[in-house]
2 protein chains.
Amino acid sequence: MKKYNFSIEATLDIIGGKWKIVILCILMMDQRKRTSELKRMIPNITQKMLIQQLRELEKDNIILRKVYNQSPPKVEYSLTEYGESLTHVIDLMCDWGAVNIKKRIEEGEEIQLSLEEHDGIRN
Amino acid sequence: MKKYNFSIEATLDIIGGKWKIVILCILMMDQRKRTSELKRMIPNITQKMLIQQLRELEKDNIILRKVYNQSPPKVEYSLTEYGESLTHVIDLMCDWGAVNIKKRIEEGEEIQLSLEEHDGIRN
DNA sequence: ATAAATTGTTACTTAATAGTAACTAGGTTA
DNA sequence: TAACCTAGTTACTATTAAGTAACAATTTAT
């Protein structure tokens, strides 16, 4: 039996994986992406991690996996309607994070932001 | 040099520790808490983890540690002004999590929520 | 004098998470 | 035919995070 102190822990359970928000941010920006596109966009992720994180997001009904019956295989991932409901949360978290990064840079810390900006996901 | 893909990762760096949001939620509800009070309110946390998470939150300027010059020692933790800026984010994440938990319970999963509800932190 | 309560530290162990690298399998291209 | 692309799997290893348990230092209560 899963036990939480606060409901926010459920949110972190779902978006807290090392690569999950990166995947979600990309799918929020671009609607749908093939496995290979995701892999190219996230340079340091491994095949195994990518598939693993996608599976978990799919299991949690956040993303949809659509298989095209082709060869070479084609699989596209997109947000489910339920996954879309995370958009506001993620946007607000992005905003807070952007301020945090700005603050830390002002304090002399060296931080680098890699992926391009986009309406709705403002870095 | 710290490298992020999206600024949201900075947010998760700060609130993503296993016990950090629990601590933050409590401090959002109750203004300030002594070490021992926090420990009592979070039954499964160990002394080491509690102090460790508090130190990291303090280092990130999210909470303030106030030492009273007494014996036996008295130390109180509270949100800094910057820490308060997390309130909106955490509230929204709580809301989403509450819906998620409701959904999962409807689907037959067994989940238990432990800490009492409060305005602003609605479980 | 002893025990308890306070906040905190330390060395060590265990569990969870992530990374490596090689492999499958079908089809396409050179 | 050999090399390549796609999406995915698997066994294994490394790294990180978290838990255990004992200890310190101070003062009050018994």
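Only heavy atoms go into these numbers, but all of them, side chains included; no hydrogens, no water, no symmetry mates. Naming: A, B, ... by sequence-line order, numbering from 1 per chain.
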Original post:
Contact class for Thr35(A) vs. all strands (heavy atom < 4.0 Å): base, sugar-phosphate, or nothing?
Top reply: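 Counting heavy atoms under 4.0 Å across all strands, the contact made by Thr35(A) is with sugar-phosphate only.
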Would you say [atom1] of [X] has more than 12 non-hydrogen atoms from neighbouring residues, nucleotides or ligands within 6.0 angstrom?
X: Arg32(B); atom1: CZ; value: no
X: Glu81(B); atom1: CD; value: no
X: Lys103(A); atom1: NZ; value: yes

**OP:** Would you mind telling me which residue lines up with the more 5' stretch of DNA chain C, Gly16(A) or Arg40(B), judged by nearest nucleotide?
**Re:**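 Its nucleotide being nearer the 5' end, the pick is Arg40(B).
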**OP:** List in chain and number order the residues that pass ring pair (Phe, Tyr, Trp, His ring centres under 6.0 Å) with Trp19(B), two or more places apart in sequence or in another chain; answer none if no residue qualifies.
**Re:**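 If we apply the ring pair (Phe, Tyr, Trp, His ring centres under 6.0 Å) test to Trp19(B), skipping adjacent residues, there are no hits.
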Counting only side-chain N and O atoms of [X], is one of them less than 4.0 Å from OP1 or OP2 of [N]?
X: Thr46(B); N: dA18(D); value: no
X: Arg34(A); N: dA7(D); value: yes
X: Tyr77(B); N: dG8(C); value: yes

Original post:
Among Lys74(B), Arg34(B), Glu76(B), which residue meets the side-chain hydrogen bond (donor to acceptor under 3.5 Å, both in side chains) test with Tyr68(B)?
Top reply: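 When side-chain hydrogen bond (donor to acceptor under 3.5 Å, both in side chains) is applied between Tyr68(B) and each of Lys74(B), Arg34(B), Glu76(B), only Glu76(B) qualifies.
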Original post:
Along nucleotides 21-30 of chain D, 5' to 3', which nucleotides get a B, which get an S, and which get a -, given that the test is a protein heavy-atom distance under 4.0 Å?
Top reply: -----BS---
Atom pair distance, as rounded to whole Å: [atom1] in [X] and [atom2] in [N]:
X: Met49(A); N: dA16(C); atom1: CE; atom2: C1'; answer: 11 Å
X: Gln52(A); N: dT17(C); atom1: CD; atom2: C1'; answer: 8 Å
X: Leu50(A); N: dA18(C); atom1: CG; atom2: P; answer: 13 Å
X: Asn44(B); N: dG19(D); atom1: CG; atom2: P; answer: 9 Å
X: Ile45(A); N: dA21(C); atom1: CD1; atom2: P; answer: 17 Å
X: Ile23(B); N: dA18(D); atom1: CD1; atom2: P; answer: 11 Å
X: Leu54(A); N: dA18(C); atom1: CG; atom2: C1'; answer: 16 Å

Nucleotide of [options] approaching [X] most closely (side-chain heavy atoms):
X: Arg55(B); options: dT6(D), dT9(C), dG19(C); value: dT9(C)
X: Ile51(B); options: dT9(C), dT6(C), dA7(D); value: dT9(C)
X: Gln53(B); options: dT20(C), dT6(C), dA18(D); value: dA18(D)

Original post:
Hey, can you pull the residues of residues 57-69 of chain A with a non-hydrogen atom under 4.0 angstrom from DNA chain C?
Top reply: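 Correct list: empty, so none.
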Mind checking what makes side-chain contact (heavy atoms from CB on, under 4.5 Å) contact with [X], not counting sequence neighbours?
X: Lys18(A); result: none
X: Ile111(A); result: Ile101(A), Arg104(A), Ile105(A), Glu109(A), Lys2(B), Tyr4(B)
X: Glu110(B); result: Met1(A)

Subject >> N-O pairing of Lys102(A) and Glu106(A) below 4.0 Å >> reply: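 No.
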Original post:
Do you reckon Met28(A) sits in the same ILVMFWY cluster as Leu64(A), going by side-chain contacts under 4.5 Å, direct or chained?
Top reply: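 They do not share one cluster, since no chain of ILVMFWY contacts under 4.5 Å joins Met28(A) to Leu64(A).
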